[in-house]
Structure formats: structure tokens, C-alpha cells
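Just so it is clear, the values below take in all heavy atoms, side chains as well, and ignore hydrogens, waters and symmetry mates. Owing to the predicted nature of the structure, the values given are computational and were not obtained by experimental measurement.
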Amino acid sequence: MRWDNHRVVITAAGRDFGRTLAIRLADLGAEVFLSARHLAAAQRVRDEIRERGHQRVHAFACDLTDPGSIRDFAAGVGEHTDRVDVLVNNGSRYLAGPDLLSATDADVVDAIASGATGTVLTTKSFLPLLLNSDRPDVVTMVSACGTPGHHRSDAHDAFYAAKRAQGGFTEILSKRLRPQGVRVISLYPPDFVNADPLSEEWETTSREAEDALTAQSLVECILFAVAQPRDCFIKAFHFEQV
């Protein structure tokens, strides 16, 4: 599937999986609007993509803990396009440490605000542009930590809280936006291998049954879900943890 006619917004695309997804979708022809907390990080990824010959890529600053910054991001995208076809809620601060007392209050607030409040407000801010599309999809990178009963991660309790909030939000949003034709797709991956998409490792990473989940497979899940006919609402991808 080519993405030449898709306009895609990706949060937290300055590094890690957000960067990976931005590069891969641009390679498929998508026009990409990417954000990072710091503008310089988003611009670095924008420049990497442009060096590959794809000029339809735009960089923005967006602090997912700041409602005003989220609104400014959506307004900035709106100056370039009258629609968004896919919104990828990728941003959420990871907080490590299985001891509740190990994080400062500020760290707890930042983790929950970026993952939970940030996802809600980003979706809210971009919904008018999504509704202008004839094929709108909201894709949210949740985590296995957002799955009821999951306990195998060393992430902090606050990160678990943020991910459960994301899961609850996308669950009800899928039901409520379906009458308007908006599909809401959530991914719940465990820890996964995120090879640099611009390196040889991207092509050589082992993807056998005994291997950990890869970013390649997560990208392919997103491509698969978005490519389905509009009557096919794939609500969630859950993955076996090695």
C-alpha cells in the first residue's frame, strides 16, 4: 500500500519509534507532520527525511504536558492542510522504577500528563481536521502496561497509570467516533527492538518466533490496519510477550 494521499500527524517523532514511523511512512509517500517536545529534535528527523528525497514533511514543537502547546501544534498543522487522515498518538514519557517512592512528584505528574492528558487533548485538538478526511484513523501506541493484569514491566507505577488511562480513553473513543467514520486503533506492545530504520540492522534484525517483537512488525500492523476497508474497525493489537 502506498501512502501518497495520506496526511499523517505523529507525536513524539524526534526519536525512537516515532522517528521510525515518520521515516517509514514518508518512504511510502505520506505527507508527515511530526512533533517533538523540543523543535530541534523534530527538525533533525525532518531533515533526515528530506535527505531521502521526501519534501512533504513538516516539523513542530509540541509539549504534550502543555495544553497550549498542543493547541498551537494543531493550529500549525492546520495552516498547511485542511485535513488529517491519520493521527498517531505516539508520545508518552517513560518512567522507570518499580518502587513508587523512586520518582519525584514532578516526574509522576509529567509521566501521567504526557501519556494520558496529552493523548486526550491531542486527539481533541486534531479531531476537526480528522473529520475533514474521508478515511480518518487515530492510532495510539499504548503499551502492554495498559493491559489489565500486566505486571512484567519494570516501569514505574505512574507509567502504568498513564497507559491504563490511554487504554480507557481509546476504548470509549472507538465506540463514540464510529458513527462519524473515525477508526480508533490501539497497539499494546511489550518492550520491543527498535532498530534504526536508516541502518543495515533494519533489514537484518531477526524476526523469528523466539525473538522479541520488532519495530518492523509494529509498523506493519499499523499499515495493515489502515489499509483495511472502512467497515473493518480493528480496535487493538495485543502481542505475546517473550
Show which side-chain atoms of residues 67-74 pair as donor or acceptor with protein atoms under 3.5 Å away, not counting sequence neighbours.
| unit_1 | atom_1 | unit_2 | atom_2 | d |
| --- | --- | --- | --- | --- |
| S69 | OG | D63 | N | 2.8 |

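- L129 has its side chain within reach of V77: a pair of non-hydrogen atoms, C-beta onward, lies under 4.5 Å apart.
- Placement of L127 and V120 within a single hydrophobic cluster is found when ILVMFWY residues are connected by side-chain heavy-atom separations under 4.5 Å, directly or transitively.
- The aromatic rings of H58 and H80 sit tilted, their planes meeting at an angle between 30° and 60°.
- Two residues are said to be in side-chain contact when any heavy atoms from C-beta on lie closer than 4.5 Å; F33 and T81 meet this criterion.
- Counting all heavy atoms, side chain and backbone alike, R164 lies closest to P148 at NH1-CA, 3.8 Å.
- Judged by distance alone, the side chains of N89 and T119 never bring a donor and an acceptor atom under 3.5 Å apart.
- A tilted orientation is assigned to the rings of H150 and Y160, their planes being inclined by 30° to 60°.
- A salt bridge is defined here as a Lys NZ or Arg NE, NH1 or NH2 lying under 4.0 Å from an Asp or Glu carboxylate O, and D47 with R44 fails to meet this definition.
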* Asked: What's the verdict on side-chain contact (heavy atoms from CB on, under 4.5 Å) for L21 and V88, showing C-alpha distance, side-chain angles and the deciding distance?
  -> CA-CA 9 Å; L21 191 58; V88 182; 3.7 Å; yes

Show me, pair by pair, the donor-acceptor contacts under 3.5 angstrom made by side chains of residues 180-191, not counting sequence neighbours?
| unit_1 | atom_1 | unit_2 | atom_2 | d |
| --- | --- | --- | --- | --- |
| R183 | NE | D137 | OD1 | 2.7 |
| R183 | NH1 | Q228 | O | 3.0 |
| R183 | NH1 | P229 | O | 3.0 |
| R183 | NH1 | C232 | O | 3.2 |
| R183 | NH2 | D137 | OD1 | 3.4 |
| R183 | NH2 | D137 | OD2 | 3.2 |
| R183 | NH2 | A225 | O | 3.4 |
| R183 | NH2 | V226 | O | 2.9 |
| S186 | OG | T170 | OG1 | 3.0 |

* Apply the test side-chain contact (heavy atoms from CB on, under 4.5 Å) to residues F17 and L218: give CA-CA distance (whole Å), side-chain angles for both, the deciding distance (0.1 Å), then the verdict. => CA-CA 9 Å; F17 185 70; L218 293 176; 3.8 Å; yes

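- The aromatic ring centres of F239 and F192 sit 6.0 Å or more apart.
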* To do: Show your working on side-chain contact (heavy atoms from CB on, under 4.5 Å) between C62 and L64 and close with a plain yes or no.
  => CA-CA 6 Å; C62 182; L64 293 173; 3.9 Å; yes

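- Considering only heavy atoms from C-beta on, F60 stays 4.5 Å or farther from L34 through its side chain.
- Going from atom CG of D82 over to atom CG of N132 covers 6.0 Å, rounded to the nearest 0.5 Å.
- A salt bridge links D196 with R19: at least one charged nitrogen is closer than 4.0 Å to a carboxylate oxygen.
- At least one side-chain heavy atom of R50 sits under 4.5 Å from a side-chain heavy atom of V57.
- Note: E201 CD to N194 CG = 9.0 Å, rounded to the nearest 0.5 Å.
- Minimum heavy-atom separation, A111 to A162: O-CB, 3.7 Å.
- Within a 6.0 Å radius of CZ in R230, other residues, nucleotides and ligands contribute more than 12 heavy atoms.
- For the pair L95 and A158, the tightest heavy-atom approach, listed with the atom from each and the gap, is CD2-CB, 4.1 Å.
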* To do: In sequence, state the C-alpha distance, the side-chain angles, and the governing distance for Q216 and R24, and then conclude on side-chain contact (heavy atoms from CB on, under 4.5 Å).
  => CA-CA 9 Å; Q216 290 93 322; R24 297 304 298 161; over 6 Å; no

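- Rounding to the nearest 0.5 Å gives a distance of 12.5 Å between CG of D16 and OH of Y94.
- Looking at heavy atoms from C-beta onward, R37 lies in side-chain contact with T65 at the 4.5 angstrom threshold.
- A salt bridge links R93 with D107; the closest basic N to acidic carboxylate O contact falls under 4.0 Å.
- Placement of I10 and L39 in two distinct hydrophobic clusters is found when ILVMFWY residues are connected by side-chain heavy-atom separations under 4.5 Å, directly or transitively.
- Once rounded to the nearest 0.5 Å, the distance linking CG of L101 with NE2 of H156 reads 7.5 Å.
- Ion pairing between D27 and R2 fails under the 4.0 Å rule for side-chain N and carboxylate O.
- Between S133 and D85, the side chains place a donor N or O and an acceptor N or O closer than 3.5 Å (distance only, hydrogens not considered).
- Salt bridge absent: R46 and E51 never bring a charged side-chain N and a carboxylate O closer than 4.0 Å.
- For P98 against D157, the heavy-atom pair with the smallest separation is O-OD1, 3.9 Å.
- Contact of the L87 side chain with the L130 side chain is registered, since non-hydrogen atoms from C-beta on lie closer than 4.5 Å.
- The minimum heavy-atom distance linking D4 with R56 is given by the pair O-NH2, 2.8 Å.
- Residues F169 and T140 have side chains not in contact (no heavy-atom distance under 4.5 Å, counting atoms from C-beta outward).
- In terms of heavy-atom proximity, C145 sits nearest to S153 at SG-CB, 3.5 Å.
- With contacts defined as side-chain heavy-atom distances shorter than 4.5 Å, the pair F159/K163 qualifies.
- Interatomic distance, Q166 CD to E171 CD, rounded to the nearest 0.5 Å: 13.5 Å.
- Separation of atoms NZ (K124) and CG (L173) is listed at 13.0 Å; rounding is to 0.5 Å.
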